[in-house]
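Taking it in order: structure first as structure tokens, then the write-up.
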Amino acid sequence: MAEAGGAAPALDRPCRAMVALLIALFANAVAMASPFPFAPFLVLHYGLTDDRAEIGYYGGFILSAFMLGRAMSSYHLGLLSDKHGRVLVIEIGLLSCIIFQLLFGLAPTFGAALAARLLMGLFNGIIGVAKAARSVRHATISSSLREGVACVAKAMLPELVTAAQQPRAMSAISGMWGLGNVAGSVDAPALLPTSLGAGLALAAR
């Protein structure tokens, strides 16, 4: 009986970690892909051009601003996660999805929309941290909530996922990322997918 009672936490912790990681990745993927279906209409809405041949040119700025922000900050967020723990970087990434998704959906100008997308990518290091090879064993965790969030950063590490389970876990991560891209690309009014992405990020926190 004691053995059964002692074994349960060891099984529950990796499961909680994997679920939390998948939710965070799904929210991140939705945040990245949400402008895909309406970016051309957003360009027309802002009155940037009357030439439909140029819509893709301006739409590309909206779609690429997020990745540009990530490229600019990935190295620095990696250093931050090494110094202060993966938990902090994941929480910053989720907060960026919440705040800047809503600001993007409410942006009154093209410049404001670009700034929101760029800042969301700039503060978003969820993908890099989730795939980090180093352990966060030495990160400071002060409460049970932060301990639960810490599981997210460690979910793919050997301490929580055995070598036999890693292929399935990686497949789940790739599948959830793809599912988030599909969900984020659903054709809907601009504020709806951005609000959905912000809500998912809030749930992941």
Side-chain angles (χ1 to χ4, degrees), residues 21 23-81 84 86 88-132 152 173-174 176-205:
L21 178 64
I23 293 174
L25 289 173
F26 182 79
N28 192 237
V30 170
M32 185 195 72
S34 61
F36 288 0
F38 60 80
F41 303 101
L42 205 58
V43 172
L44 292 175
H45 171 73
Y46 289 133
L48 296 174
T49 179
D50 294 326
D51 186 355
R52 290 183 175 270
E54 295 182 359
I55 291 177
Y57 172 77
Y58 290 103
F61 285 102
I62 296 175
L63 302 180
S64 61
F66 177 83
M67 286 302 183
L68 176 61
R70 282 189 56 188
M72 294 169 59
S73 64
S74 292
Y75 175 75
H76 302 288
L77 288 175
L79 292 179
L80 182 66
S81 69
H84 297 287
R86 316 298 187 209
L88 177 62
V89 175
I90 290 176
E91 289 183 341
I92 291 174
L94 291 173
L95 281 173
S96 76
C97 288
I98 296 170
I99 297 170
F100 296 117
Q101 275 270 88
L102 292 176
L103 290 178
F104 173 71
L106 297 171
T109 65
F110 181 69
L114 279 184
R117 290 285 291 176
L118 180 67
L119 289 171
M120 183 166 62
L122 198 66
F123 291 98
N124 197 314
I126 294 176
I127 294 298
V129 171
K131 295 182 177 180
V152 179
I173 286 178
S174 300
M176 188 58 73
W177 179 259
L179 184 62
N181 282 325
V182 172
S185 300
V186 172
D187 190 7
L191 191 57
L192 180 59
T194 54
S195 299
L196 173 62
L200 287 170
L202 181 62
R205 290 195 76 239

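The residues of the chain are indexed from 1 along the displayed sequence. Quick note: numbers below take in every heavy atom, side chains included, and nothing from hydrogens, waters or symmetry partners.
Leu94 is not listed as a side-chain neighbour of Glu91, based on a closest heavy-atom distance of 4.5 Å or more.
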Under 3.5 Å, side-chain donor or acceptor atoms of residues 37-49 against the rest of the protein: list the pairs with distances, not counting sequence neighbours.
{"unit_1": "Tyr46", "atom_1": "OH", "unit_2": "Ala107", "atom_2": "O", "d": "2.9"}
{"unit_1": "Thr49", "atom_1": "OG1", "unit_2": "Asp51", "atom_2": "N", "d": "3.0"}
{"unit_1": "Thr49", "atom_1": "OG1", "unit_2": "Glu54", "atom_2": "OE1", "d": "3.1"}

Checklist entry - Taking it one step at a time, do Leu118 and Phe100 satisfy side chain to side chain contact (heavy atoms under 4.5 Å, CB included)? => result CA-CA 9 Å; Leu118 180 67; Phe100 296 117; over 6 Å; no
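In this structure, CG on Leu102 lies 10.0 Å from CE on Met120, to the nearest 0.5 angstrom. Taking CZ of Phe26 as the reference point, atom CG of Leu179 lies at 5.0 Å (rounded to 0.5 Å).
Counting all heavy atoms, side chain and backbone alike, Ser34 lies closest to Gln101 at OG-OE1, 3.4 Å. Arg117 approaches Ala31 most closely through the heavy-atom pair NH1-O, 2.8 Å. Taking both residues in full, the closest heavy atoms of Asn181 and Met32 are given as OD1-CE, 3.1 Å, listed atom of the first, atom of the second, then distance.
For Ile92, the side chain to side chain contact (heavy atoms under 4.5 Å, CB included) test picks out Leu80, Leu88, Phe123, with sequence neighbours left out. Leu122 pairs by the side chain to side chain contact (heavy atoms under 4.5 Å, CB included) definition with Met72, Ser73, Leu119, not counting sequence neighbours. Qualifying side chain to side chain contact (heavy atoms under 4.5 Å, CB included) partners for Ala115, counting only residues two or more places apart in sequence or in other chains: none.
Sorted pairs that involve residues 55-69 and meet side chain to side chain donor-acceptor pair (under 3.5 Å), not counting sequence neighbours, are lacking altogether.
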